[in-house]
Amino acid sequence: MQRLEPDASGIQRAVELLRSGELVAFPTETVYGLGGDAMNDTAVQAIFKAKGRPADHPLIVHLPNAESMHDWASNESDRTRQLAEVFWPGPLAMVVNKQASVSNLITGGQDTVGLRVPEHPVAQQLLQAFGGALAAPSANRFGRISPTTAEHVLDEFSDASGVAAVIDGGACRVGVESTIIDLSVDRPRLLRPGMIAASEIESVLNQPLTTPDDSEGPRVSGRLESHYAPTTPLHQMAIDHIVQTVSQQTSGLGVIALHASPEIAVSNHWVFMPLEPVAYATRLYDELRKMDAMDFEKILVEQP
Ligand code: TXA
Ligand code: MG
């Protein structure tokens, strides 16, 4: 897998690869995406294969601008236009009814499609130069932690993985996935929380958001039993319980806490995270990946 610079020649190489149906991972403001030509079913199939993702789990389509929504959505409304106006480009994905021309492979057989206009300058340059839409789920294997650096993507996919290249745009600013809103239904629903808060969306729509019931589709990673998971067992607990645990077990634990390390943590690995949610989100996946590589017995995360 090739590492490309985020300059004109790197973007040009990425566009050539994408036009020939290859997959290229690229940075967005949320996490790195694993991109393929959204109009090419072979490329879309290759994304599912590289990720090991079940075919009924739909992909988000990345658009260069809000105007291109016409080609994908069949029910553009005042709601979608208002949200696009305020939040695009940016970390918001909208699920809308799809145009008949949209591939069933992308939507996992559903009659809706997830759309997003990313704000990251490299993602923007890539989409403009490509001149079309890119299907791009997060560039990680199914169920694993999303990548927030090119290094994470390189660790995730080997040479034989079917991923041709990654454009190295450094660390992602947001660090967690986009907020997903379902606008294909009468009452808009929050499918996945993210950096754009439900309250911000509600104030634009002037309407409360609902949350889906677990028994119904559509399927969203943030709602599966296990998702965004490290391979080391992870437990969320209150700080008192963490302090008690590290005092009883002097090594083999990784801790992600909102408090500084107590002296008794001795040989356990303790990461003191910022209390501020934006700064916390930016670092979380990177810290989880680093800890996962350290082979601890358990990772303990302080309940925010
Ligand atoms: O921040 C992000 O959204 C990142 C970057 C790369 O843009 N992408 C991302 O994609 O997180 P992915 O595929 O890992 O997660 C997208 C989620 C999936 O869990 C999928 O189920 C949901 O969006 N989704 C996509 N299309 C949908 C649809 N038509 N209906 C319901 N959920 C949908
Ligand atoms: Mg994902």
Side-chain angles (χ1 to χ4, degrees), residues 23-36 38 44 47-48 50-64 72-75 87-99 102-120 122-124 126-127 133-150 152-153 156 166-167 169 172-185 188-196 211-212 216-229 281-282 285:
L23 307 185
V24 176
F26 62 94
T28 80
E29 67 279 18
T30 58
V31 300
Y32 274 68
L34 179 57
V44 171
I47 296 176
F48 282 94
K51 278 191 65 100
R53 183 174 204 161
D56 63 355
H57 213 92
L59 305 180
I60 292 183
V61 174
H62 292 64
L63 306 173
W72 298 84
S74 68
N75 67 329
F87 299 112
W88 280 356
L92 176 75
M94 292 192 236
V95 170
V96 295
N97 289 322
K98 76 175 188 77
Q99 290 276 13
V102 179
S103 164
N104 282 318
L105 291 173
I106 289 183
T107 67
Q110 304 186 64
D111 53 10
T112 56
V113 62
L115 302 174
R116 167 162 127 76
V117 178
E119 179 206 314
H120 194 291
V122 174
Q124 274 289 332
L126 179 67
L127 286 159
L134 295 173
S138 52
N140 53 279
R141 292 179 189 272
F142 185 63
R144 299 291 323 281
I145 307 168
S146 293
T148 55
T149 65
H152 295 165
V153 179
E156 198 80 8
V166 56
I167 309 176
C172 300
R173 174 176 66 81
V174 174
V176 293
E177 294 81 353
S178 59
T179 305
I180 305 182
I181 294 292
D182 183 3
L183 294 155
S184 69
V185 285
R189 305 190 294 177
L190 176 68
L191 297 185
R192 181 173 70 184
M195 189 60 69
I196 296 177
T211 44
E216 56 173 333
R219 295 152 283 257
V220 176
S221 307
R223 301 183 62 80
L224 289 179
E225 192 80 23
S226 170
H227 56 92
Y228 312 147
T282 304
Y285 288 165

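The first residue in the sequence is number 1, and the count goes up from there. Numbering of ligands and ligand atoms starts at 1, following listing order.
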Should you measure from each heavy atom of E177, which atoms of ligand 1 turn up under 4.0 Å away?
1 (O), 11 (O)
Has S138 got an N/O/S atom less than 2.8 Å from the Mg ion (ligand 2)?
yes
With sequence neighbours left out, the residues meeting side-chain contact (heavy atoms from CB on, under 4.5 Å) with V31 are S138, S146, T148, E177, Y285
Is V113 in contact with ligand 1, taking contact as a heavy-atom separation below 4.0 Å?
yes
Which ligand 1 atoms does T112 reach within 4.0 Å, using its non-hydrogen atoms?
28 (C), 29 (N), 30 (N)
At less than 4.0 angstrom from any non-hydrogen atom of S178, what atoms of ligand 1 do you find?
1 (O), 2 (C), 3 (O)
Among S138, S146, A135, closest by heavy atom to atom 8 (N) of ligand 1 is S138
Per-atom contacts of ligand 1 with G33, taking only distances under 4.0 Å to non-hydrogen atoms:
6 (C)
When you look for heavy atoms under 4.0 Å from ligand 1, do you find them on the side chain of T30, its backbone, both, or neither?
side chain
Just jot down the side-chain contact (heavy atoms from CB on, under 4.5 Å) partners of Q124, sequence neighbours excluded, or say none.
P89, V117, Q128
Atoms of ligand 1, numbered as shown, that sit under 4.0 Å from any heavy atom of H57
19 (O), 21 (O)
With a 4.0 Å cut-off on heavy atoms, is R53 in contact with ligand 1?
yes
Kindly confirm or rule out an N or O of R192 lying under 3.5 angstrom from an N or O of ligand 1.
yes
Any N or O of K51 closer than 3.5 Å to N or O of ligand 1:
no
Proximal atoms of ligand 1 relative to G114 (non-hydrogen, under 4.0 Å)
26 (N), 29 (N)
Which option, A136, P27, P58, owns the non-hydrogen atom nearest atom 20 (C) of ligand 1?
P58
Taking L23 as the fixed residue, which of V44, V166, L34 is the one that meets the side chain to side chain contact (heavy atoms under 4.5 Å, CB included) rule?
L34
Given side chains that start at C-beta, do those of N140 and Y32 come closer than 4.5 Å, heavy atoms only?
no
When you compare ligand 1 with H62, is there at least one nitrogen or oxygen pair between them that comes in under 3.5 angstrom?
yes
Taking the side chain as C-beta and beyond, is there a heavy-atom pair between T28 and R116 under 4.5 Å?
yes
Heavy-atom distance under 4.5 Å between the side chains of P27 and I167, does that happen here?
yes
Is any side-chain heavy atom of Q110 closer than 4.5 Å to one of P58?
yes
Beyond-backbone contact of M195 with T282, side-chain heavy atoms, under 4.5 angstrom
no
I'd like the name of whichever of T107, V102, I180 reaches closest to atom 17 (C) of ligand 1 through any heavy atom.
I180
Quick check: do V176 and P193 have side-chain heavy atoms less than 4.5 Å from each other?
no
Under 3.5 Å, side chain of T30 to main-chain N/O of P91, donor-acceptor pair present?
no
